[in-house]
Number of protein chains: 4
Amino acid sequence: MKAHKIQQAPIPMRNVGPLKISGPVLDEKVSVPLATYETPLWPSVGRGARVSALVEDGIKTTVIDERMTRSILLEADDATAAMLAVESIKSRRDDLQAVVATSSRFAKLIEMNSQIVANLIYLRLEFTTGDASGHNMVTNAADKIIPWLLSEYPQLRYSSISGNYCSDKKATAVNGILGRGKYVVSEILIPRDICERRLKTTPEKVVDLNIKKNLIGTMIAGGLRSANAHYANMLLAFYLATGQDAANIIEGSQGIVHAEVRDGDLYFSCTLPNLIVGSVGNGKGLDFVEENLRALGCKEDREPGANSRRLAAICAATVLCGELSLLAAQTNPGELMEAHIKLER
Amino acid sequence: MKAHKIQQAPIPMRNVGPLKISGPVLDEKVSVPLATYETPLWPSVGRGARVSALVEDGIKTTVIDERMTRSILLEADDATAAMLAVESIKSRRDDLQAVVATSSRFAKLIEMNSQIVANLIYLRLEFTTGDASGHNMVTNAADKIIPWLLSEYPQLRYSSISGNYCSDKKATAVNGILGRGKYVVSEILIPRDICERRLKTTPEKVVDLNIKKNLIGTMIAGGLRSANAHYANMLLAFYLATGQDAANIIEGSQGIVHAEVRDGDLYFSCTLPNLIVGSVGNGKGLDFVEENLRALGCKEDREPGANSRRLAAICAATVLCGELSLLAAQTNPGELMEAHIKLER
Amino acid sequence: MKAHKIQQAPIPMRNVGPLKISGPVLDEKVSVPLATYETPLWPSVGRGARVSALVEDGIKTTVIDERMTRSILLEADDATAAMLAVESIKSRRDDLQAVVATSSRFAKLIEMNSQIVANLIYLRLEFTTGDASGHNMVTNAADKIIPWLLSEYPQLRYSSISGNYCSDKKATAVNGILGRGKYVVSEILIPRDICERRLKTTPEKVVDLNIKKNLIGTMIAGGLRSANAHYANMLLAFYLATGQDAANIIEGSQGIVHAEVRDGDLYFSCTLPNLIVGSVGNGKGLDFVEENLRALGCKEDREPGANSRRLAAICAATVLCGELSLLAAQTNPGELMEAHIKLER
Amino acid sequence: MKAHKIQQAPIPMRNVGPLKISGPVLDEKVSVPLATYETPLWPSVGRGARVSALVEDGIKTTVIDERMTRSILLEADDATAAMLAVESIKSRRDDLQAVVATSSRFAKLIEMNSQIVANLIYLRLEFTTGDASGHNMVTNAADKIIPWLLSEYPQLRYSSISGNYCSDKKATAVNGILGRGKYVVSEILIPRDICERRLKTTPEKVVDLNIKKNLIGTMIAGGLRSANAHYANMLLAFYLATGQDAANIIEGSQGIVHAEVRDGDLYFSCTLPNLIVGSVGNGKGLDFVEENLRALGCKEDREPGANSRRLAAICAATVLCGELSLLAAQTNPGELMEAHIKLER
C-alpha cells in the first residue's frame with residue numbers, strides 16, 4: 001500500500017510585503033506569506049503593499065462581526081407544528097446555551113435563524129468560536145443540540161445535521177446576509193500622485209473600471225454578492241500558507257469593492273463579509289503553518305478570538321493589495337499581459 | 001530580504017482509491033491523489049471508491065463540453081452603436097480566428113456571447129485550449145483581439161481586458177449557462193444491498209436527503225446553481241495535488257447532485273458544469289505534480305485535449321465518491337461526528 | 001388635456017372556488033376573485049379548488065411571520081465609524097420606537113438588520129404594519145427616523161431613503177431570508193384516488209415533476225429561491241382583484257413547492273415567504289375592491305393585522321390550487337395544450 | 001352561480017406624457033397609458049416625460065434582440081445518451097423548423113440551448129414570434145416538437161413540456177443571459193441646468209445614488225441582475241394598460257440602470273433585457289386595450305414584429321422616465337415623502 005502513505009504537496013510560498021496596516025485591531029507593518037501556483041500573484045500583492053507603505057494610515061481594517069454557523073434540518077408533522085416548535089426553541093436560548101457548553105468551552109450560541117418550508121425546519125445556529133474558524137466546534141455543538149431537541153420536542157424528527165442553510169463552501173446569499181466567518185472591511189486613501197506614479201493610473205480610471213467591471217459586469221453575469229476582480233486568488237494563497245480550510249474561499253470570494261474619487265485622491269476599499277479564518281484548529285499543527293502564524297503575530301497570548309481577528313484583518317489587507325493592483329493594471333490596455341509575460345519568463 | 005525567498009507550503013497528500021471508472025473517456029481503475037488539511041476527506045472519498053469497485057460499471061463519466069472564456073469590455077457612443085458593432089464583430093468569426101491564431105496554436109475561438117448595458121459591450125470570447133485549463137491562453141488571445149478590434153472599429157474604446165462576464169473565480173450564473181471549463185457528469189447505480197452494507201443507509205434515505213438538503217436547502221439559502229453538499233472539498237484537494245489553479249473551485253463548486261431510487265437501487269449522480277482543469281500549463285512544472293499527473297495517466301501522447309478530459313473525468317468521479325459518502329453519513333444522526341472524532345484522534 | 005383624464009382599465013374578473021381552507025387563521029370555504037387577461041387561469045385554479053373540497057382538511061394554511069421593511073442608506077467617514085454608529089443605533093430600540101410612533105399608530109419596529117460596505121450603512125428597518133401591506137407606513141417611518149438619526153449622529157450623512165436592501169419589487173435573496181410581507185405555507189394531503197380521478201395523474205408523477213422542474217430546473221436556470229411553476233399568475237390575479245400593489249408579485253413569486261408521496265397519497269405544499277398583501281391602504285378605496293375584500297371576510301372588526309393575515313392565508317391557498325393544477329397537467333404530455341385550446345375557443 | 005360570472009376589475013388608468021422618443025425604431029412624441037392603483041406613478045413618469053421633451057434627442061431607444069422561449073424536459077438512459085441525443089437534435093435545425101412551421105406561421109426557431117443534469121435534458125427552444133409576445137406560440141411549437149422528438153429518438157422519454165429553464169415568470173439568470181422577450185436600451189443625455197431646474201438635483205448626485213443604491217444596494221441584497229429602483233412599477237402599469245401578461249414583469253424587473261456624468265451633463269440609461277410585450281395575442285381583444293395600442297401607433301400595417309418592437313421601445317422609454325424621476329427624488333431627503341403626501345391628498 002505504498003501509494004497510500006501520506007505524502008506532501010509542496011506548494012510554492014513567499015512572504016510579500018510588508019503591508020502597512022492600521023485600525024482598531026492592529027496598527028503595524030506585516031509581511032504576509034502566500035502559497036500559490038500562480039506566482040504572478042506575489043508581485044501583484046507586493047505592488048499594493050508598497051503603495052500602502054507610502055500612505056499615511058496605510059490600510060485601515062475593521063472587523064465588524066464574527067460567527068460560525070451550522071444549520072440543522074428537522075421535520076414536523078405540518079407547517080403549523082413546525083412554526084410552533086421553532087417559536088418555542090428560539091425562546092429557550094439559555095437551555096440551548098447550556099447544551100452547547102457541554103460540547104466546547106469556546107462555542108457560544110449568539111443567534112438562531114430559521115426557515116420553514118412545508119413541514120421542514122432549517123434551523124441556523126450561529127456561534128462565536130474563539131480563535132478557531134469553528135467548523136468542528138459548531139458540528140460538535142449541533143451534535144449535542146440535535147438529540148436534546150429530539151428529546152424535548154418528540155414531535156420533531158431528525159433529517160440532517162446540515163441542511164445547506166449554513167452554508168458551507170457553496171455560493172449562497174445567506175452567509176452574506178446573516179453572517180458567516182469574520183466580516184471585515186479594508187480601506188485605503190491613495191493620494192493622486194502616488195496613484196499615478198506607483199499604479200500608473202488615475203483615481204478616475206480605477207473608479208470607472210470598478211463600476212463597469214466589478215459592479216455592472218458581475219451583475220450581468222448573474223453574480224451573487226461578488227463585486228470584485230479576484231479576491232479568491234489572494235484568499236487561496238493566504239489560506240494555504242496559514243493552514244485554513246481553503247475551500248472556504250468560496251464564501252470568502254463573495255464581497256464588494258467600493259472606490260471613489262475623494263478630493264482628487266483615490267479611496268479604495270474591500271468589504272469581505274465572509275472571511276473564514278482561525279489561528280487554532282484543523283490544519284494548524286503543521287510546522288510551517290505555526291511558523292507563519294507566529295510571524296504574523298497571531299499566536300500571542302490574547303483573549304479568545306483576538307488572534308483570529310488579527311489574522312482576518314491582515315488577510316483583508318492582503319486582499320486589498322491584490323485587488324487594487326489588478327484593477328489598476330486593467331485600466332491600461334496591455335500592461336497586464338506584459339507583466340504576465342515578464343514574470344513568467 | 002531573506003524573508004522573501006521562495007519557500008514551500010507542504011500540504012498533506014494521500015492517494016485514495018482505486019476508483020472504478022467507466023465511460024467514453026476512460027474505463028479502468030485509478031487511484032487519486034488528494035492534498036488537503038482536512039484529512040477526514042481521505043477516508044470519506046475512500047469509502048465511495050470502495051463502493052465503486054463493487055459496482056458493475058463503477059462510476060460512469062461523461063464529458064459533455066469544454067471551453068475557456070475571457071470577456072473583454074469595450075465602449076461605444078450609445079446602445080445603437082454598440083449593437084451594430086457587436087453584430088458586425090460576430091459576423092467576422094474567421095477574421096477573429098486568424099487573430100487568435102497569432103497568439104497560440106492551441107486556442108480556437110468557438111463562440112461569442114455578448115451583453116450590452118447602456119453603451120457598454122461585454123464580449124465573452126469562448127475558446128478550446130487543448131490540454132491547458134487555458135487562463136493564460138485566453139488572456140493572450142484577448143490581448144491580440146483587443147488592438148485588432150480597436151483598429152477595425154475605431155468607434156469603440158478600450159475599457160478592460162476582463163469585464164467580469166467571463167467569469168473567473170466568482171460565484172455567477174453565466175459560467176453554468178454558457179459554459180466555462182469542462183462540463184462533466186458522473187453517475188453510479190448502487191444495488192440496495194451494497195448501499196445498506198457499505199454506506200449504512202438506504203437508497204430512499206439518500207434520495208430524500210438530497211432533495212431536502214441539496215435542492216431545497218440550497219434554494220432557501222439563496223444558492224446559485226449549487227445543489228451539492230461539499231463538491232468544493234474534493235475539488236480543492238484534487239486541484240492542489242495536480243497543480244491546478246485551485247481558486248477555480250469557486251466555479252467548480254457550482255453543480256448539482258441528482259439521486260433517484262431505480263428499481264430499489266440507488267442511482268446517484270454529480271453534474272459538474274464548470275470543472276476547470278488542465279494537464280499542462282501553470283503549476284504543472286513541479287515534480288510532485290508531474291508525477292501525480294503521470295500516475296493518473298494524464299501525460300500520455302494523445303490528441304490535444306484528451307489528457308485534460310481524462311483528468312476532468314477522474315476528478316468528477318472523485319467528487320462523486322466524497323459527495324456520496326457524506327450524504328450517506330448525514331442520513332444517520334451521529335455517524336458523521338463519530339467518524340470525525342475517530343479520525344482526528 | 002382630454003387624453004390625460006383618469007380612465008379605467010377594466011380587467012376580466014371571475015370568482016373561482018369555493019376553496020376549502022383550514023388552519024389557525026381560518027377554517028371555512030371561500031370563493032376567490034381573480035382578475036386577469038389569462039383566463040385559462042380560472043379553470044386551472046378551479047380544478048385545484050374542487051380537489052380541496054373533496055379532502056378532509058382542505059388546504060391547511062399557516063401564517064408564520066409578517067413584516068414590512070425599508071432600508072435607509074447613510075454614510076459614515078469610514079468603516080469603523082460606520083460599525084460604531086450601527087452598534088449604537090441598534091442598542092436604542094426604544095428611542096427609535098418612539099420616533100416611529102410619531103409617524104403612525106400601527107407601525108411597530110420589530111427588528112433592524114444592517115450591512116456595511118466600505119463606509120456605507122444599509123440599515124434595514126422591519127415593522128409590523130397592522131392590516132396595511134405597509135409600503136407607505138414604512139416610508140413615513142423612515143422619513144421620521146432619518147432626520148432623527150442625522151441629528152443624533154452628526155457624523156452620519158444622508159444618502160437615500162431607500163438603499164435597495166429593503167428590497168421592493170426586485171428579485172433578491174434578502175426578502176426570503178430576513179422576511180418581507182407575510183410568510184405563509186399552504187398544504188394539502190390528497191388521497192391517491194382523488195389524485196388519479198380529479199387530477200388525472202399519480203402522486204409519484206407530481207412529486208417527480210416537482211423535483212425535476214421546480215427544483216432542478218429552476219436551479220440550473222440560475223433561479224433565486226423560486227422553485228415553483230407559476231405562483232406569479234395566481235398572485236397577479238388575486239392582487240388585482242383585491243387592490244394590492246401588484247408589482248409585489250416579484251417578491252411573491254419567490255417561493256418553494258414541496259411534494260411527497262406519503263403512504264401512497266400526495267402531500268403537496270406551497271411555501272410563500274414574501275406575500276405582500278393588505279386589507280386596508282392604497283388601492284383599497286375602489287368599490288369593487290372593497291366588495292371583494294368584504295366577500296372574502298377581510299373587512300371584519302378584528303384586531304389589527306388579523307384581516308390581512310386572513311387575506312394572506314386565502315391567497316396562499318389560491319396559489320396552491322393553481323400550482324397543483326398546472327403541475328398535474330404537465331405530468332401528461334399534451335393535456336396542457338388541449339386544455340388551452342379548448343378554453344380559448 | 002351568479003358569483004362566478006365574468007366581472008371586471010376597473011383599474012385607474014391615465015395617459016402620461018408625451019414622451020419624446022428617438023432611435024432606429026421610432027422618432028416622435030408619444031403619450032403612454034398607465035393603469036395602476038399606485039397613482040403617484042403618473043406624476044412621477046410625467047416629470048421624466050417633461051424632461052425628455054426639453055432634450056434634443058429625447059429618449060433614444062434601441063431594440064437589440066427579441067425571442068420567446070420554452071424549455072422542454074426529456075430523459076435519456078444516462079448522461080452519455082443525453083449528450084448524444086442533444087448533439088443530434090441540435091444538428092437538425094431544418095427538421096425542427098419544419099415541425100415548428102406546422103404549429104404557426106409566425107414562430108421561427110432561432111436557437112437551441114441545453115443543460116444536461118444527470119440523465120435529464122433541459123432543451124431551451126428559442127423563437128421569434130412576430131408581433132405576439134409568444135407564450136402560446138412557443139407552447140404550441142413545443143407541443144408539436146415533443147411528439148416528433150419522441151418518435152425520432154425513441155431512447156428519450158417525456159418528462160415535461162416546461163422544465164423551468166425557459167424561464168417564465170420567475171426570477172432567474174437564464175433569461176438575461178440567453179434572452180427572453182425584447183432586449184431594449186433607453187438612454188437620455190440631460191444638460192446640467194435641466195437636471196437642476198426640473199429634477200432638483202445634480203448629475204453627480206444621481207450618478208452617486210445609482211451606484212450606492214441600484215448597484216451596491218442590490219448586490220448586497222443578493223439581487224439577481226436587478227440594478228434598478230422600480231422598473232416593476234412602470235412595467236405593471238404599462239402592461240395592464242396594453243393587455244400584456246403582466247406576470248412577466250418578473251423577468252422585466254431584471255435590468256440595469258447606468259448613469260454617468262458626461263461633460264458636466266447627466267447621461268442616464270435603462271437596460272431592459274427581458275421586456276415581454278406583444279401587440280397581438282392574449283389580452284388584446286378588449287376594447288380599451290385595442291384603443292391604447294392604436295393610440296401608441298402599434299396597430300399599423302407593418303412587417304411582423306415591427307409593431308411589438310415599437311411597443312417595447314415606448315415601454316422602455318416609459319421605464320426610464322419613472323426611474324429617473326424616483327432616483328432624482330431620492331437624492332433629496334424628504335422630497336419623496338412630501339410628493340407622496342401632496343399627491344395622495
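In this text, all values refer to a predicted model and were calculated from it rather than measured experimentally. So that the names make sense, note that chain A is the first sequence line, chain B the second, and so on, each numbered from 1.
- For the set B:Ala35, B:Cys166, B:Gly176, B:Ser253, the count of heavy-atom pairs under 4.5 angstrom toward chain A peaks at B:Ser253.
- Defined by atom type and a distance below 3.5 Å, a donor-acceptor pair is missing between the side-chain atoms of A:Asn292 and A:Thr242.
- Across every non-hydrogen atom of B:Asn119 and B:Ala82, the tightest pair is O-CB, 4.2 Å.
- Scanning for side chain to side chain donor-acceptor pair (under 3.5 Å) contacts around A:Ser160 gives B:Gln330, with sequence neighbours left out.
- Interface summary for chain B: among A:Gln115, A:Glu38, A:Lys284, the most heavy-atom pairs under 4.5 angstrom belong to A:Glu38.
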(message) Evaluate A:Thr36 against A:Arg14 for side chain to side chain contact (heavy atoms under 4.5 Å, CB included), listing each step before the verdict.
(response) CA-CA 9 Å; A:Thr36 180; A:Arg14 184 180 267 187; over 6 Å; no

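- When heavy atoms are compared at a cutoff of 4.5 Å, A:Asn248 does not approach chain B at all.
- For residues 232-251 of chain A, the salt bridge (Lys or Arg N to Asp or Glu O under 4.0 Å) pairs, not counting sequence neighbours, are A:Lys169-A:Asp245, A:Arg180-A:Glu251.
- Of the atoms belonging to B:Leu120, it is side-chain heavy atoms, and not backbone ones, that fall under 4.5 Å from chain A.
- A:Leu73 touches chain B through its side chain: at least one heavy atom from C-beta onward sits under 4.5 Å away, while N, CA, C and O do not.
- Neither the backbone nor the side chain of A:Asp287 comes within contact range of chain B, judged by heavy atoms closer than 4.5 Å.
- Counting heavy-atom pairs closer than 4.5 Å to chain A, the top-ranked of the candidates B:Pro33, B:Gly243, B:Pro12, B:Gly46 is B:Gly243.
- Interatomic distance, CG of B:Leu156 versus CD1 of B:Ile121, reported as 5.0 Å (0.5 Å rounding).
- Between the CG atom of B:Leu215 and the CD1 atom of B:Ile256 there is a distance of 7.5 Å, given to the nearest 0.5 Å.
- Residue B:Lys144 qualifies as open at atom NZ: its count of foreign heavy atoms under 6.0 Å is 12 or below.
- The interface of residues 232-241 of chain B with chain A, defined by heavy-atom distances below 4.5 Å, comprises B:Ala232, B:Asn233, B:Leu236, B:Tyr239, B:Leu240.
- Among all heavy-atom pairs drawn from B:Ala142 and B:Arg70, the shortest one is CB-CG, 3.8 Å.
- Contact annotation for B:Ser162: both backbone and side-chain heavy atoms come within less than 4.5 Å of a heavy atom of chain A.
- Highest contact tally toward chain B, considering only A:Asp208, A:Val289, A:Ile216, A:Leu150, is held by A:Ile216 [criterion: heavy-atom pairs under 4.5 Å].
- B:Leu209 touches chain A through its side chain: at least one heavy atom from C-beta onward sits under 4.5 Å away, while N, CA, C and O do not.
- Taking the six-membered ring where the residue is Trp, B:Tyr122 and B:Tyr165 present perpendicular rings, their angle passing 60° and hence far from 30°.
- The parts of B:Ile249 that come within reach of chain A are both its backbone and its side chain, each placing non-hydrogen atoms under 4.5 angstrom from that chain.
- The contact between A:Gln244 and chain B is made entirely by backbone atoms, counting heavy-atom distances below 4.5 Å.
- To the nearest 0.5 Å, atoms OG1 (B:Thr39) and CG (B:Leu34) are separated by 11.5 Å.
- Considering all non-hydrogen atoms of both residues, B:Trp42 and A:Ile6 come closest at CZ3-CD1, 3.7 Å.
- With chain B as partner, the option from A:Gly283, A:Ala173, A:Gly222, A:Pro10 having the largest number of non-hydrogen pairs under 4.5 angstrom is A:Pro10.
- Across A:Lys213, A:Glu75, A:His230, the residue that shares the most heavy-atom pairs under 4.5 angstrom with chain B is A:Lys213.
- The most heavy-atom pairs under 4.5 Å with chain A, out of B:Gln254, B:His135, B:Gln8, come from B:Gln8.
- Note: A:Asn228 leads A:Asn228, A:Ile146, A:Asp168 in heavy-atom pairs under 4.5 Å with chain B.
- Under the rule for a side-chain contact (heavy atoms from CB on, under 4.5 Å), the partners of A:Ser167 that lie at least two apart in sequence or sit in another chain are A:Thr172, A:Val174, A:Asn175, B:Ala221.
- Here the straight-line distance linking atom CG of A:Asn214 with atom NZ of A:Lys212 works out to 13.0 Å at 0.5 Å rounding.
- Ranked by heavy-atom pairs under 4.5 Å with chain A, the list B:Gly217, B:Gly285, B:Ser71 is led by B:Gly217.
- The residue among A:Ala227, A:Ala229, A:Ala171 with the most heavy atom pairs within less than 4.5 Å of chain B is A:Ala171.
- Atoms CG and CG, on A:Leu178 and A:Asn274 in that order, are 10.0 Å from each other to the nearest 0.5 Å.
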